[in-house]
J.: 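The structure that follows is given in the form of structure tokens.
Lettering of chains follows the sequences in order, A, B, ..., and the numbering in each one begins at 1.
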Protein chains: 2
Amino acid sequence: MTSEHTPTPEQAATPARPLGRELIVQEAIAMIDEHGLERLTMRSLGARLGVDAMALYRHVNGREDLLEGIVAALVDQIQVDPDGRLGPTEGWQGLLQWLARSVRQIAIDHPRIFPLVATRHPAAPWLRPPLRSLRVVEDFLRGLTDRGFSDTQAVETYRAFTSFLLGHLLLEVAAAGATTGPVEQPLDEGDADLEPHDQSLDVTDYPLITRTRALLSEDHTERDFEVALEALLDRLDLALSQ
Amino acid sequence: MTSEHTPTPEQAATPARPLGRELIVQEAIAMIDEHGLERLTMRSLGARLGVDAMALYRHVNGREDLLEGIVAALVDQIQVDPDGRLGPTEGWQGLLQWLARSVRQIAIDHPRIFPLVATRHPAAPWLRPPLRSLRVVEDFLRGLTDRGFSDTQAVETYRAFTSFLLGHLLLEVAAAGATTGPVEQPLDEGDADLEPHDQSLDVTDYPLITRTRALLSEDHTERDFEVALEALLDRLDLALSQ
DNA sequence: ATATCGGGTTTACGTTGTAGACCGGTCACG
DNA sequence: CGTGACCGGTCTACAACGTAAACCCGATAT
């Protein structure tokens, strides 16, 4: 009877038994979405599932493995090919556009998890986040080679495309996280001395920043994403035709 | 006398007194470079500096602040403008090329720290990693406006350029980290049961991956970086001329 | 009926970040 | 020339975390 109350009064208990890797990962994702990564703890996750923390270890090889599972779960949501098989009318451009938007949607839905997808070490050095599962890469390569790409071209496109996705989406979710609230503090605000490291920073010494402040704060993430994607497609198209 | 030996026998003591924020951050950077982020601990860092862990708190506002300092230190190394002022002969292309390579060099020198630069929340939502300090952004905007960019163009370029850098460099250092050794385990290898989650993954079910395995493993990071940069510059040039 | 075992619990330990008390030297000032 | 402040180190302590190990119990197989 040492702890009768639930340690975190998040939700009392058992959202959907039977306990298993799937459910655990799912609930962990929800938890990060709601409170951020640092608040995902074995104990809190266990509590949320109405179960002792140690129970999780029956289904998951420790916290690292859990994070791995979370990343894998998100990556598995990526659809390389739309359901209604897109005809070769659109060609590879359509495929890449679809895929890009698919990945983008996932990133936006889980802005606090995407950094994990971006930075955790993939299973093999040639897997490039965010397209970091064998299934996705296979489908990607097939999609392109089916549409006339040589193996080399397909692989080069894989590299260019992942770089594009990673840069744009990571910046987009970072911006999203900044507005939503970066971390979720446990409700204190006693600011220390020792150079308070100004929160709302002073910009007066930087004339150009001051001048462009409004411009800098504008949000064009979606448009930027689309035009950069278009530019990439153009570039690839050019590279193909020679 | 509870702990007479140094907790981590890394280096006995005092590499360069006077203790201070600067020195602490510097040594922390060295430590991450050598052993990885998760092995950077207040106690180990203190030990490395020949000092009690708590001494660090006199100069640093806790671990988070230390990480902030590390990121800031790296970003401060970025040189927007070469020392020998480059004439307007090169124009803005030269500037961006120089800057890109400057940032890239830093990323490569600290592959285990760059992810921090990439993913930690900047001081303001409109600061975009890796160009995430006021000084760098100011110099960046000045460099461009000095060369004929409008404010809007300069800001748009800032966005495009940071996306480019982040995507390419993050993937490059991830690949680097994968070869060097991702984490630095404390020397055990007793593999658990529970689906060993295959380390050297099996690729036989993925014909296209199998076929392009060699291609996928080739390393073209530098070339890719340069050609993507060139493409970006072309795109910007085009956007400028209309 | 009884042995097995999957899957939960309890307890305990080591490691981490960090608060807070202590404490010794140095330096300003009466 | 004391004497107090204070700067910057130490020591001790604690809560939170990940997780190993032992336990335990109900269903199921023999």
J.: Please state whether the phosphate of C:dG17, meaning OP1 or OP2, lies under 4.0 angstrom from any side-chain nitrogen or oxygen of B:Thr41.
T.: yes
J.: Measure the distance from CE on B:Met42 to P on C:dT16 and round it to the nearest whole Å.
T.: 12 Å
J.: Which residues satisfy the salt bridge (charged side-chain N to carboxylate O under 4.0 Å, His left out) test with A:Glu218, sequence neighbours excluded?
T.: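 Residues passing salt bridge (charged side-chain N to carboxylate O under 4.0 Å, His left out) with A:Glu218: none at all.
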J.: Whole angstroms only, please: what is the CG-C1' distance between A:Leu56 and D:dA20?
T.: 15 Å
J.: D:dC17 P sits how many Å from A:Tyr57 OH, rounded?
T.: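 Distance check: A:Tyr57 OH to D:dC17 P gives 12 Å.
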J.: Okay, side chain of B:Arg132, backbone of B:Val117: is any donor-acceptor separation there less than 3.5 Å?
T.: yes
J.: Between B:Leu45 (CG) and C:dT15 (C1'), how many Å, whole number?
T.: 16 Å
J.: Provide, to the nearest angstrom, the distance between the CD atom belonging to B:Glu38 and the C1' atom belonging to C:dT15.
T.: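 Taking atom C1' of C:dT15 as the reference, CD of B:Glu38 is at 14 Å.
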J.: Taking salt bridge (charged side-chain N to carboxylate O under 4.0 Å, His left out) as the test, write out the residues that go with A:Arg128, two or more places apart.
T.: none
J.: Shortest non-hydrogen contact from A:Ser102 to A:Ile78?
T.: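 Closest heavy-atom pair between A:Ser102 and A:Ile78: OG-CA, 4.0 Å.
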J.: In this structure, how many angstroms lie between the C1' atom of C:dT18 and the CZ atom of B:Arg43, rounded?
T.: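 Spelled out: CZ on B:Arg43 to C1' on C:dT18 is 9 Å.
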J.: Using whole Å, what does the distance between atom C1' of nucleotide D:dC25 and atom CG of A:Asp52 come to?
T.: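 Answer to the nearest Å: 15 Å.
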J.: Whole Å only: how far is the CE atom of A:Met54 from the P atom of D:dC23?
T.: 15 Å
